[in-house]
Amino acid sequence: MNVLVVDDDKLVAISLKTILEASGRITVVAMGNSGKEAVSLFDEHTPDILLMDIRMQDMTGLEAGEEILKKHPDAKILYLTTFSDDEYIRRALSIGAKGYILKQDFEGIVPALDAVFGGQSVFGGEIVEKLPVLTHTRNEFDYSKYQINDKEQEIIKLVADGLSNKEIAEKLFLSEGTVRNYLSSVLEKLELRDRTQLAVFYYKNCL
């Protein structure tokens with residue numbers, strides 16, 4: 001797994017490189033210290049995942065992420081920050097970030113990267129608790145206008161809960177292939193791109 005690390009604190013960036021590469025399955029292809037560097041280094045290296053701070057000089061991580069995703073819609077961006085500000089989380093969700101975790105949970109960084117690399121979205125426990133409020137949830141949602149059946153509704157909720165296809169298959173007694181088919185159908189019906197957008201859709205509309 002190739003990872004680009006961007007943090008305005010050079011010591012933190014170096015420490016992250018050491019932690020990640022100690023796993024034996026992650027290569028840090030480059031390190032940057034600003035939002036502008038994040039954009040240029042992503043263009044140069046096209047990493048599997050960009051692990052990036054938010055508060056940085058000249059361009060924030062959120063601004064950099066938005067610019068990167070415009071040019072690379074499939075980019076996987078995982079924010080790692082000390083700040084759990086509501087507006088930061090809301091913005092990260094809106095631009096299509098794959099995750100938002102806090103630096104305090106340093107032991108969870110490698111597992112979070114593994115999850116994002118595997119196609120999941122990752123939000124730390126403290127962040128998950130904020131999501132329903134931040135995304136202005138409603139109590140009822142009319143699935144019928146999207147022709148979404150009961151089984152698909154179950155899968156939407158489990159995806160929003162952060163379960164992988166394998167975990168959903170085990171929970172619903174289905175094959176992984178069947179879960180993938182259901183998920184593809186749901187994304188097509190809702191005109192969404194990926195699991196992250198589906199999770200955001202759920203928190204905004206279906207909780």
Would you find a donor on one side and an acceptor on the other, under 3.5 Å apart, between the side chain of [X] and the backbone of [Y]?
X      : Y      : value
Glu63  : Thr60  : yes
Glu170 : Glu167 : no
Thr18  : Ile14  : yes
Glu37  : Asn33  : yes
Asp48  : Asn2   : yes

Results of ring pair (Phe, Tyr, Trp, His ring centres under 6.0 Å) for His45 - residues two or more places apart only:
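For His45, no residue satisfies ring pair (Phe, Tyr, Trp, His ring centres under 6.0 Å) once neighbours in sequence are set aside.
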
Can you name the residues that form a ring pair (Phe, Tyr, Trp, His ring centres under 6.0 Å) with Tyr182, not counting sequence neighbours?
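Per chain and number, Tyr182 pairs via ring pair (Phe, Tyr, Trp, His ring centres under 6.0 Å) with no residue.
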
Quiz question: by atom type and distance under 3.5 Å, do the side chains of Thr178 and Ser175 form a donor-acceptor pair?
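Looking only at side-chain atoms, Ser175 and Thr178 do form a donor-acceptor pair, the distance falling under 3.5 Å.
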
Any heavy-atom pair between the side chains of [Y] and [X] that's under 4.5 Å?
X      : Y      : value
Lys171 : Leu163 : yes
Leu172 : Lys151 : yes
Val5   : Leu20  : yes
Leu102 : Thr82  : no
Ile156 : Leu158 : no
Leu41  : Met31  : no
Leu187 : Asp194 : no
Arg25  : Asp114 : yes

To check you understand the geometry: which heavy-atom pair defines the closest contact between [X] and [Y], and what is its length?
X      : Y      : answer
Ala64  : Met52  : CB-SD, 4.1 Å
Ile148 : Leu190 : CD1-CD2, 3.6 Å
Ile19  : Val110 : O-CG2, 4.4 Å
Ala38  : Ile68  : O-CD1, 3.8 Å
Gln197 : Arg193 : OE1-N, 2.7 Å

Lys166 atom NZ: more than 12 heavy-atom contacts under 6.0 Å:
no

Check whether more than 12 heavy atoms from other residues, nucleotides or ligands sit under 6.0 Å from atom NZ of Lys36, and answer yes or no.
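Atom NZ in Lys36 is not packed in, count stays at 12 or less.
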
The criterion is salt bridge (charged side-chain N to carboxylate O under 4.0 Å, His left out); which residues satisfy it with Lys17, sequence neighbours excluded?
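Partners of Lys17 by the salt bridge (charged side-chain N to carboxylate O under 4.0 Å, His left out) criterion, ordered by chain and then number, come out as Glu21.
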
From [X] atom [atom1] to [Y] atom [atom2], the distance as rounded to the nearest 0.5 Å:
X      : Y      : atom1 : atom2 : answer
Leu16  : Asp9   : CG    : CG    : 9.5 Å
Glu66  : Lys70  : CD    : NZ    : 5.0 Å
Leu198 : Leu192 : CG    : CG    : 6.0 Å
Asn149 : Glu154 : CG    : CD    : 9.0 Å
Lys98  : Phe117 : NZ    : CZ    : 13.5 Å
Leu78  : Ile101 : CG    : CD1   : 4.5 Å

Is the closest basic N to carboxylate O distance between [X] and [Y] below 4.0 Å?
X      : Y      : value
Lys71  : Asp43  : yes
Glu152 : Lys189 : yes
Asp53  : Lys103 : yes

Describe, in one word, how the ring planes of Tyr100 and Tyr79 are oriented to each other, choosing from parallel (under 30°), tilted (30 to 60°) and perpendicular (over 60°).
tilted

